[in-house]
Amino acid sequence: QVQLVESGGGLVQAGDSLRLSCAASGRTISSLIMGWFRQAPGKEREFVGAITWDGVNAYYADSVKGRFTISRDNAKKTVYLQMSSLKPEDTAVYYCASQKPTELYVHTTREMYDIWGQGTQVTVSS
């Protein structure tokens, strides 16, 4: 079983950058598609982006495309979410998750992800 722990959240100002990390423990994640989601107060948890097992391809929600970058270091069992040009509307709890290993293609729906971290709060002030 994989356990995921996010870190790196905090309070920043609009326009700032922040890097979130998702550290995995337990079995390896090197064969898993990894995703980032976020949930703002009163809203549904939404897809932010995902990265293929080899780190070659990453996919993003339109709302973050061009501002956020996902990367991974399989040797360190860590996935990163680099966020730049942050906006107040990016304020949310950010979660990393591993996609079900039976799914070979990147999915954007939360139902396709079966292991989740506890989340880390990102607050962007205007």
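Each residue takes its place number in the sequence, starting with 1.
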Sidechain-backbone polar pair: [X] side chain, [Y] backbone, donor-acceptor under 3.5 Å:
| X | Y | value |
| --- | --- | --- |
| S85 | R67 | no |
| T78 | K76 | yes |
| N74 | G55 | no |
| E6 | Q118 | yes |

To the nearest 0.5 Å, what is the distance between [atom1] on [X] and [atom2] on [Y]?
| X | Y | atom1 | atom2 | answer |
| --- | --- | --- | --- | --- |
| S21 | L81 | OG | CG | 9.5 Å |
| W36 | Y95 | CH2 | OH | 12.0 Å |
| S84 | L86 | OG | CG | 7.0 Å |

Mind jotting down which residue pairs meet the disulfide bond (SG atoms under 2.5 Å apart) criterion with at least one end in [range]? Sequence neighbours excluded, please.
| range | result |
| --- | --- |
| residues 23-76 | none |
| residues 26-65 | none |
| residues 1-115 | C22-C96 |
| residues 44-81 | none |

Heavy-atom side-chain proximity of [X] to [Y] below 4.5 angstrom:
| X | Y | answer |
| --- | --- | --- |
| S98 | D114 | yes |
| V124 | D16 | no |
| V12 | T123 | no |
| T120 | V93 | no |
| I70 | Y80 | no |
| N57 | I51 | no |
| T52 | Y59 | yes |
| L18 | V122 | yes |

Worksheet item: Any idea which heavy atoms bring P88 and S126 closest together, and the distance?
Response: CG-CB, 3.8 Å
Are [X] and [Y] joined in one hydrophobic group, where the rule is that I, L, V, M, F, W and Y side chains link up if heavy atoms are under 4.5 Å apart?
| X | Y | value |
| --- | --- | --- |
| L20 | I33 | no |
| I29 | Y94 | yes |
| W53 | V79 | no |
| L32 | V48 | yes |

Worksheet item: Taking everything shown except W116 itself, do over 12 heavy atoms lie less than 6.0 Å from its CH2?
Response: yes
Discussion item. For a side-chain contact (heavy atoms from CB on, under 4.5 Å) check, start with the C-alpha distance between M83 and S17, then their side-chain angles and the critical distance, and finish with the verdict.
Written reply: CA-CA 5 Å; M83 305 183 292; S17 298; over 6 Å; no
Worksheet item: Are K65 and D62 ion-paired here, with the side-chain N under 4.0 Å from a carboxylate O?
Response: yes
Worksheet item: Salt bridge between R72 and D54, side-chain N to carboxylate O under 4.0 Å?
Response: no
Discussion item. For a ring-ring contact (aromatic ring centres under 6.0 Å, His included) check, start with the C-alpha distance between F47 and F37, then their side-chain angles and the critical distance, and finish with the verdict.
Written reply: CA-CA 4 Å; F47 175 80; F37 289 74; 5.6 Å; yes
Item to complete: Go through I115 and K100 one step at a time and tell me if the side-chain contact (heavy atoms from CB on, under 4.5 Å) criterion holds.
Response: CA-CA 8 Å; I115 299 174; K100 295 177 180 178; over 6 Å; no
Output side-chain donor-acceptor pairs under 3.5 Å for residues 104-113, partner residues at least two apart or in another chain, one line each.
from : atom 1 : to   : atom 2 : distance (Å)
H107 : NE2    : E103 : OE1    : 3.0
Y113 : OH     : Q99  : OE1    : 3.3
Y113 : OH     : H107 : O      : 2.6

Discussion item. Applying salt bridge (Lys or Arg N to Asp or Glu O under 4.0 Å) as the test, list every pair that has at least one member in residues 39-53; sequence neighbours left out.
Written reply: R38-E46
Item to complete: Would you please say whether a donor-acceptor pair under 3.5 Å links the side chains of S25 and Q3?
Response: yes
